[in-house]
Protein chains: 2
Amino acid sequence: MKVLIIEDDPLHRSYLHEAVSAALPECGTVIEAENGTVGEKLARDHKSAHIVMDLQMTSRNGIEAARTIWKERPETRILFWSNYSDEAYVRGVSRIVPDGAAYGYVLKSASDERLKLALRSIFIESQCVIDREVRGLQQKSLGQTKGFTDSEYEILVDIALGLTDRTISKRRGLSLRSVQNRLQQLYDKLDVYQSVGDDHEDGRFNLRARAVMVAFLRKLLNYSALERAEAELQEWLDGK
Amino acid sequence: MKVLIIEDDPLHRSYLHEAVSAALPECGTVIEAENGTVGEKLARDHKSAHIVMDLQMTSRNGIEAARTIWKERPETRILFWSNYSDEAYVRGVSRIVPDGAAYGYVLKSASDERLKLALRSIFIESQCVIDREVRGLQQKSLGQTKGFTDSEYEILVDIALGLTDRTISKRRGLSLRSVQNRLQQLYDKLDVYQSVGDDHEDGRFNLRARAVMVAFLRKLLNYSALERAEAELQEWLDGK
DNA sequence: CGCCGTCTTGCGTGAACCCGCAGCTTGTTG
DNA sequence: CAACAAGCTGCGGGTTCACGCAAGACGGCG
C-alpha cells in the first residue's frame with residue numbers, strides 16, 4: 001500500500017508522515033508533495049490510491065487538486081486534513097466528491113488518535129469519516145434547513161465577484177428580475193437588514209456589499225472559494 | 001532573559017521553542033501561549049519584554065494582541081512569525097508599532113538560520129528585522145509610489161464593510177461628493193474598468209463590489225483586517 | 001380536474017450610485 | 001505675491017439597484 005501526502009507546511013508534513021507510518025504499519029511507501037501541483041503529478045505517476053492532503057496551499061488549492069485527481073481516478077481515497085471548517089470549504093469539497101467515493105475530513109486540531117482512526121477507516125475499511133464539527137455544517141449546507149440553496153449560494157458568489165445584475169442574468173440564463181428576486185431572498189437569509197437603531201434611517205448598509213461581508217464573516221465565503229470562482233468567471237468571459 | 005511564544009499551532013509552537021532555545025542560549029525561560037488572549041495575559045503577568053508570535057490565530061488575532069501589549073509596554077520587542085505577507089497584514093502591523101520600538105517580521109517559510117538570526121538581532125541587538133519579501137510591500141504601501149494612500153485604504157475598507165456613501169460621509173466627516181471622489185480614485189488605482197471586450201458593453205462590473213473583490217485577490221484585504229474593521233464599525237455604531 | 005405553493009418574468013418607482021463640470025479652500029513653490 | 005497642484009464641496013443627469021405588484025408557468029395533492 002502506498003500513501004501520498006500533499007501538504008504545504010514542512011512541519012505538518014513530517015508529522016503526517018509519522019502518523020501514517022504509525023497508523024498503517026502495512027503501508028510500504030509514503031510519498032510527499034509540498035503543494036497541489038506536484039501532488040497531482042505524483043498521484044498520476046504512482047497511481048496512488050490513498051492520499052492525505054491539506055486544503056489551503058499557496059501553489060495550488062487542495063480542492064482544485066482533488067478535483068483533477070478524482071477526475072482521473074474516481075476511486076481514489078482522499079483524507080482532507082485542514083485547519084478550518086469553513087462552510088466554504090465543506091461546500092467546496094462535497095461539490096466535487098464522486099459518487100460512492102470514500103473520503104474524509106479531519107481537522108488539524110483533532111487528536112492523534114482520531115487522525116489515526118480516520119486513516120485506518122478510510123484507507124482500510126473504505127469508510128467515510130467526517131469530523132463532527134464539519135458534519136454539522138454539512139447537514140446545514142446540503143439540507144435545506146436553515147442553510148443556503150445552491151441557487152442562493154451561486155448568486156452570492158456572483159455579487160462577491162462584482163458582477164452586475166445584468167451580467168448575472170446572462171451568465172445564469174435568467175431574467176433580470178429573477179436575479180433580483182434571488183438577491184432579495186439572499187438578503188433575507190443573511191439578515192442584512194439590521195438597521196441597528198431603526199429610529200433614524202442613517203445607519204443603513206449597501207445591501208449588496210453588506211451581504212458579501214456578512215457571508216465572509218460567517219465563513220460562507222473564503223479566499224480559496226473566491227479564487228476558484230474568479231477563475232471560472234474568467235473562463236466564462238473568455239468563452240463569450 | 002525570558003521569551004514568550006504566542007502561537008496557535010502546537011507543532012509550530014514546539015518548533016519555535018526549540019529554535020529560541022538554540023538561538024538564545026542565554027535565555028532562561030521560555031513561556032508558551034496557544035492563542036492571543038492568554039498571550040496578552042502572560043505578557044502582562046511576566047512583564048515579558050521579548051515575544052515571538054503568529055499573526056492569524058483563531059481566538060484572538062495577533063495584531064489585536066500586539067496592540068494591547070504595546071499599549072501597556074511600548075518597549076516590548078515582538079517578532080511576528082507569519083505564513084503570509086499579505087499587504088493587509090503588513091499594513092496592519094506597521095500601523096500599530098510604537099515609535100522607536102524594535103520588532104521583526106519573518107515568514108514561516110524562512111530558513112532556520114534566518115529565524116535564529118532574526119531572534120538574536122531583535123532581542124539582543126534591538127534591531128528591526130523585516131523579511132525581504134515583506135519589506136518590498138512595506139515600501140510600496142507606506143510610500144506613495146504605486147501604493148494606496150491611507151484615505152484610499154480607509155474608504156476601501158468602508159465599502160468592503162458594506163456602508164453606503166452617506167454613512168461613510170458621516171463616519172469620516174466628509175461630504176457625500178468627497179466620498180465619491182475617493183471612490184473614483186480607488187476604482188482607478190484598482191483598475192476596475194477592464195470592460196474586457198470594450199466592443200459591446202455587456203461585460204461590465206459593479207464597480208463597488210468589484211473593487212472589494214480585486215483588493216481581496218491582491219491581498220490588500222484579508223479576513224483578519226475585515227474582522228478588525230467590523231469590530232471598529234460596531235463600536236462606532238454603538239457610539240452613535 | 002381544481003387548488004396551492006414555488007419559481008419566473010414584466011412594469012414601474014424611488015433611492016443609491018457613478019461621474020463630469022465648476023467653484024472654493026488649502027499648502028507649496030518660484 | 002502669483003501660480004499651481006491637490007483636496008473638498010454643490011449641482012445635475014444618466015445608470016443601476018431594491019422591491020412592491022401582478023400575471024403566467026410548473027409540479028404536487030386531494
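All chains are named by letter (A, B, ...) in the order of the sequence lines, taking the proteins before the strands, and each is independently numbered beginning at 1. Values below: every heavy atom of this structure, side chains too, minus hydrogens, waters and symmetry copies.
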With sugar-phosphate meaning primed atoms plus P, OP1 and OP2, does B:Leu176 contact a base, only sugar-phosphate, or nothing at under 4.0 Å between heavy atoms? nothing
Give the rounded distance in Å between these two atoms: CD1 of A:Ile168 and P of D:dT16. 13 Å
Residues two or more places apart in sequence or in another chain: which of them pass side chain to side chain donor-acceptor pair (under 3.5 Å) with A:Arg228? none
Whether B:Asp165 and B:Arg182 form a salt bridge (side-chain N of Lys/Arg under 4.0 Å from carboxylate O of Asp/Glu) is what I want to check. no
Atom CG of B:Asp150 and atom P of D:dG7: how far apart are they, to the nearest Å? 13 Å
Tell me what A:Arg182 touches on the nucleic acid: a base, only sugar-phosphate, or nothing, going by heavy atoms under 4.0 Å. sugar-phosphate
Between CG of B:Leu207 and P of D:dT16 the distance, given in whole Å, is 11 Å
When the distance from CZ of B:Phe205 to P of D:dC17 is rounded to whole Å, what number comes out? 13 Å
Could you check how far CG of B:Asp165 sits from C1' of C:dC19, rounded to whole Å? 12 Å
List in chain and number order the residues that pass side chain to side chain donor-acceptor pair (under 3.5 Å) with A:Glu154, two or more places apart in sequence or in another chain; answer none if no residue qualifies. A:Arg172
Answer yes or no: does a side-chain N or O of A:Ser175 lie under 4.0 Å from OP1 or OP2 of C:dT9? yes
Run B:Lys108 and A:Asp9 through salt bridge (charged side-chain N to carboxylate O under 4.0 Å, His left out) and show every step you take. CA-CA 9 Å; B:Lys108 288 192 179 178; A:Asp9 187 316; 5.9 Å; no
Candidates D:dC17, C:dG10, C:dC17 - which lies nearest the side chain of A:Arg177: C:dG10
Within the 6.0 Å centroid threshold, strictly below: A:Phe216 and B:Phe216: yes
Would the base of C:dC19 count as contacting B:Gln180 through its side chain, where contact means a donor and an acceptor less than 3.5 Å apart? yes
Of the nucleotides C:dA16, D:dT16, D:dA18, which one has an atom closest to the side chain of A:Arg166? D:dT16
What is the distance, to the nearest angstrom, from the CD1 atom on B:Ile159 to the P atom on C:dA16? 17 Å
Output the rounded distance in Å from CG (A:Asn181) to C1' (D:dA25). 14 Å
Closest approach to the side chain of B:Leu183, judged atom by atom: which nucleotide of C:dC18, D:dG20, D:dC17 is it? C:dC18
Phosphate OP1/OP2 of D:dG20 contacted by A:Gln184 side-chain N/O (<4.0 Å): yes
Nearest to the side chain of B:Tyr193, heavy atoms from C-beta on, is which of D:dC8, C:dC19, C:dT9? C:dC19
Quickly work out the A:Leu186 CG to D:dC19 C1' distance and round it to whole Å. 15 Å
Under 4.0 Å between any heavy atoms, over every strand shown, what does A:Asn206 touch: base, sugar-phosphate, or nothing? Just pick one. sugar-phosphate
